[in-house]
Amino acid sequence: MKPKHYDVFVIGSGIAGQTTAEYCAKHGKSVAVADDREFGGTCANRGCDPKKVLMQFADICHHIDNLQGLGIDEKPKINWKDVQKFKKQFTQDVPVNTEKNLKTIGIDLYHQSPKFIDENTIEVEGERVTADYFVIATGRVPRLLHFKGAQFLGTSDDVLNLKKVPKSAVFIGSGYVGMEMAYLLSSLGSKVTVIDQGTHALSQFDAFLTEKLVKSLEQRGITFIFEAQVENIESLRKNLKVTYISKGEEHSIKARKVFNSAGRIPATERLQINNANIDANGDGIAVNSFLQSVSNPKVYACGDVASFGVPLTPLSGLQGHIVGKNIVEGNTKETKDRLVPSVVFTQPNIAMVGLSEDEAKSRYKNIKVYKGDASDWFSSKKINEDTYAYIIITNARTEEIVGGQLLSSHGNETINLLSLAIHQGLTVSEFQSLIFTYPSFTNDLKYMLSD
Ligand SMILES: Cc1cc2nc3c(=O)[nH]c(=O)nc-3n(C[C@H](O)[C@H](O)[C@H](O)COP(=O)(O)OP(=O)(O)OC[C@H]3O[C@@H](n4cnc5c(N)ncnc54)[C@H](O)[C@@H]3O)c2cc1C
Ligand SMILES: NC(=O)c1ccc[n+]([C@@H]2O[C@H](COP(=O)([O-])OP(=O)(O)OC[C@H]3O[C@@H](n4cnc5c(N)ncnc54)[C@H](O)[C@@H]3O)[C@@H](O)[C@H]2O)c1
C-alpha cells in the first residue's frame with residue numbers, strides 16, 4: 001500500500017510544535033501532528049501554568065510569614081484539595097481544546113510516538129507515513145537517575161498532582177525545577193531537603209545572588225546538601241530512605257517523597273532518529289540557524305529539543321514560528337541569539353537577562369558592575385523581606401546596560417524592564433532620566449545604577 005503523505009509532519013504538540021503546525025496549515029500545507037501524551041505540551045499541562053497557579057499559595061504563606069506579628073496574627077489554612085481543583089480549571093481543558101483547534105484548521109492528529117524508518121518515512125499508529133518535511137518538537141524529559149531504588153523517584157509532574165502536601169520531601173537537583181518545587185512544598189509546610197552534586201544551586205546564576213537565596217530558604221526551613229551523590233533509595237513502611245555520600249562519608253535521610261529534579265534532557269530517544277540520518281548531541285537535535293537539521297535537510301527542530309537557545313516557553317514559541325516560515329517560504333528566517341529573560345519563581349524570585357559578568361568581560365574591554373545588597377531599602381523593608389540584591393552590568397566605554405540579575409520579590413516583572421533597556425541599548429544616564437512610579441521595585445533599578 002502507498003504510504004500516506006503530508007507536506008509537513010510535526011512530532012510534539014507543545015508550544016513549538018503547535019505554532020509550526022498552525023502556521024503551515026494556515027498557509028495551505030497538509031499537516032499532521034503526533035503526540036503520545038496530552039495535547040498541549042509541558043508548559044500548559046504540567047509546567048509553567050499549573051505551577052504558577054499552585055505557587056501563588058506558597059507566595060501568600062511566604063508573605064504572611066514575613067508579616068506575622070506585624071499586623072497578621074494567624075497563618076491562613078490552605079485547603080490543598082481546593083487548590084488542586086482550582087489548578088484543574090487551567091489544565092483540564094488544554095488537551096481537548098488543543099486538539100479541537102488543530103483539527104478545525106484541517107490538521108490530522110496521531111496519538112503515538114512515531115519512529116523514523118528512513119530519511120523520508122515514519123511509522124505511526126501502524127501506518128507508514130511520508131512527508132516533505134518532518135518537524136521534531138518533542139521538548140525535554142527528566143534525566144533518568146540510575147541508582148538502586150530510582151523507581152521510587154517522582155518527577156515535577158508528580159509534585160504538581162500531589163493529593164496532599166507531604167510531611168517531608170527530598171529533591172535531587174537544585175536547578176530551576178528543584179528550587180521552585182522545594183520552595184513550593186516548604187512554604188506549604190513540608191520539611192524539605194535539597195541534594196545536589198554541584199557546589200551551588202542554580203549554576204546558571206551568579207553565586208553572589210544564589211548564595212543569598214539559599215541562605216534565605218535555609219532560614220525558612222529548607223536543608224541544602226551540596227557536593228553529594230545519592231547512592232540508593234529504600235522503601236520503608238511510611239518513608240523513603242535516601243542514602244548519599246558527602247565528603248567521603250555515607251549519610252541517610254528519610255522523607256515521605258523523593259523527587260528527581262536533576263535536569264531535563266532532549267526527548268529524542270523513542271524516535272529512532274539514526275534511521276533518518278538526524279544528528280543530535282546532549283543539547284538536542286543539531287540544527288543550523290534556520291533550525292534545520294545539519295544532517296538531514298528534510299527535518300527541522302524547534303523548542304526545547306533543538307540545540308539552539310535556552311529551554312523556555314517564549315523562545316520555543318518563537319522557534320516554532322521560525323520553522324513554520326522557513327518551511328512555507330523556503331529558508332528565509334534565521335534564528336539569532338535572542339535576549340531571553342528568565343526567572344526562578346521562588347520568593348524572592350531570582351531573575352536574569354543578557355550577559356553574565358564573565359560573558360561581559362570576554363565581550364568588552366572594560367565593564368562596570370553595579371552590585372549590592374538592597375535588603376535595607378524601603379521596598380524590601382515594607383514587606384519585611386530580608387533578601388533583596390542585584391547585579392547590573394554595563395559596557396564601561398559606552399555606559400550601555402548589557403546584563404542584569406535580580407534577587408527580588410518582584411524580579412519576575414522588573415527583569416523585563418532591564419530586558420527592554422538592553423534591547424534598546426539604553427545607557428545608565430538614559431535609564432536614570434526615565435520617571436517611574438514611586439515607591440516601586442522598578443524605581444529601585446535607578447538606585448541600583450547609582451555609584
Ligand atoms: C515543571 C516545569 C516548569 C516550567 N516552568 C517554566 C516557566 O515558568 N517559564 C518558562 O518559560 N518555561 C518553563 N518551563 C519550560 C517550558 O515548559 C518548556 O520550555 C516548553 O514547554 C517547551 O515547549 P516545547 O513545545 O519545545 O516542548 P513541550 O511543551 O515539552 O512539548 C513537547 C511535546 O512533545 C511530546 N513528545 C515527546 N516525545 C514524543 C514522541 N516520541 N512522540 C510524540 N510526542 C512526543 C510531549 O508529550 C509534549 O507534548 C517549565 C518546565 C517544567 C518541566
Ligand atoms: N521558571 C522557569 O522558567 C523554569 C522552571 C522550570 C524549568 N525551566 C527550564 O527547564 C530547564 C531544566 O531545569 P531543571 O531544574 O530540570 O534542570 P537544571 O539543569 O536547571 O538543574 C539540574 C540540577 O540538578 C543537578 N544534578 C544533576 N544530576 C544530579 C545528580 N545525579 N545528583 C544530584 N544533583 C544532580 C545539577 O547540578 C543541577 O543543579 C531550565 O534550564 C529551564 O530552562 C524553567
Side-chain angles (χ1 to χ4, degrees), residues 10-20 33-52 54-55 94-95 98 110-116 122 124 136-147 150 155-157 159-160 171-182 184 194-205 210 225-231 244 260-273 284 301-306 309-317 319-320 340-346 349-351 412:
V10 179
I11 312 173
S13 70
I15 178 86
Q18 268 179 68
T19 310
T20 303
V33 176
D35 202 308
D36 65 343
R37 288 194 68 178
E38 308 89 335
F39 269 60
T42 303
C43 185
N45 285 305
R46 49 186 180 273
C48 339
D49 296 354
K51 173 195 77 185
K52 277 295 277 174
L54 299 186
M55 284 185 94
V94 170
T98 309
Y110 292 82
H111 296 84
Q112 199 185 55
S113 170
K115 279 186 237 158
F116 281 95
I122 52 168
V124 62
I136 301 179
T138 47
R140 291 187 174 225
V141 286
R143 176 201 315 284
L144 291 181
L145 295 173
H146 299 285
F147 44 71
T155 64
S156 53
D157 293 9
V159 180
L160 296 173
F171 287 87
I172 303 175
S174 64
Y176 281 69
V177 170
M179 292 298 274
E180 288 186 341
M181 300 290 169
L184 170 73
V194 181
I195 301 177
D196 201 295
Q197 63 186 13
T199 51
H200 283 89
L202 294 165
S203 55
Q204 302 90 334
F205 290 81
T210 56
I225 302 165
F226 291 110
E227 298 182 83
Q229 283 294 342
V230 173
E231 293 280 290
Y244 61 92
N260 172 3
S261 50
R264 294 172 61 80
I265 56 165
T268 52
E269 203 181 281
R270 288 170 301 142
L271 301 174
Q272 300 194 0
I273 54 175
C302 49
D304 282 11
V305 76
V310 285
L312 291 169
T313 292
L315 195 64
S316 298
Q319 290 189 356
V340 186
S342 85
V343 57
V344 182
F345 288 101
T346 45
N349 306 152
I350 183 163
N412 66 319

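Both ligands and their constituent atoms are indexed starting at 1 by order of listing. Nothing fancy with the numbering, it's 1 onward along the sequence.
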Determine whether the side chain, the backbone, both or neither of A137 has a heavy atom under 4.0 Å from any heavy atom of ligand 1.
-> backbone
Purely on distance, is any nitrogen or oxygen of D304 under 3.5 Å from one on ligand 1?
-> yes
Would you check whether S203 reaches within less than 4.0 Å of ligand 2, judged by its heavy atoms?
-> no
Specify the protein heavy atom at minimum distance from atom 41 (N) of ligand 1: its residue, its atom name, and the distance to 0.1 Å.
-> S113 OG, 2.9 Å
Can you tell which part of L271 has a heavy atom less than 4.0 Å from ligand 1: side chain, backbone, both or neither?
-> side chain
Would you check whether H200 has a nitrogen or oxygen atom less than 3.5 angstrom from a nitrogen or oxygen atom of ligand 2?
-> no
Looking only at protein heavy atoms, identify the closest one to atom 17 (O) of ligand 2 and say how far it is in Å.
-> G263 CA, 3.3 Å
If you scan protein heavy atoms around atom 20 (O) of ligand 2, the nearest is Q204 NE2, 3.1 Å
Counting heavy atoms not belonging to Q204, are there more than 12 under 6.0 Å from its CD?
-> yes
Before signing off on this row, confirm whether L312 and ligand 2 have an N or O atom pair separated by under 3.5 Å.
-> no
Steps toward side chain to side chain contact (heavy atoms under 4.5 Å, CB included) verdict (S174, L202) | CA-CA 6 Å; S174 64; L202 294 165; over 6 Å; no
Would you say V343 has any N or O atom under 3.5 Å from an N or O of ligand 2, going by distance alone?
-> yes
Touching ligand 2 at all, S261? Heavy atoms, strictly under 4.0 Å?
-> yes
Close N or O approach (R140, ligand 1; < 3.5 Å) | no
Identify the closest protein heavy atom to atom 12 (C) of ligand 2: which residue and atom is it, and at what distance?
-> R264 CD, 4.2 Å
Looking only at heavy atoms, is any part of Y176 under 4.0 Å from ligand 1, and if so is it the side chain, the backbone, or both, or is it neither?
-> neither
Heavy-atom proximity to atom 11 (C) of ligand 2, best of P311, G175, P142 | P311
What about A16: any of its N or O atoms under 3.5 Å from an N or O on ligand 1?
-> yes
For atom 32 (N) of ligand 2, the protein heavy atom that lies nearest, with its residue and separation | I172 CG2, 3.6 Å
Can L145 be said to touch ligand 2, with heavy atoms closer than 4.0 Å?
-> yes
Partner set under salt bridge (charged side-chain N to carboxylate O under 4.0 Å, His left out) for R37, not counting sequence neighbours = D157
Ignoring angles and geometry beyond distance, decide whether I15 reaches within less than 3.5 Å of ligand 1 through its nitrogen or oxygen atoms.
-> yes
Contact partition for I11 relative to ligand 1, non-hydrogen atoms under 4.0 Å | side chain
Looking only at heavy atoms of K51, does any of them come nearer than 4.0 Å to an atom of ligand 2?
-> yes
Flag the pair F205 / H200 as yes when their ring centroid distance falls below 6.0 Å, and as no otherwise.
-> no
With only distance considered, is R270 within less than 3.5 Å of ligand 1 through an N or O on each side?
-> yes
R264, any N or O under 3.5 Å of ligand 1 N or O | no
Around atom 37 (O) of ligand 2, find the nearest protein heavy atom and jot down its residue, atom name and distance.
-> D196 OD1, 2.7 Å
Among all protein heavy atoms, pick the one closest to atom 5 (C) of ligand 2 and tell me residue, atom and distance.
-> E180 OE1, 3.4 Å
Sidechain N-carboxylate O distance under 4.0 Å for D36, R270 | yes
Any nitrogen or oxygen of P311, main chain or side chain, under 3.5 Å from a nitrogen or oxygen of ligand 1?
-> yes
Could you tell me whether some N/O pair between T313 and ligand 1 is separated by less than 3.5 angstrom?
-> yes
Examine Y176 against ligand 2 and note whether any of their N/O atoms are separated by less than 3.5 Å.
-> yes
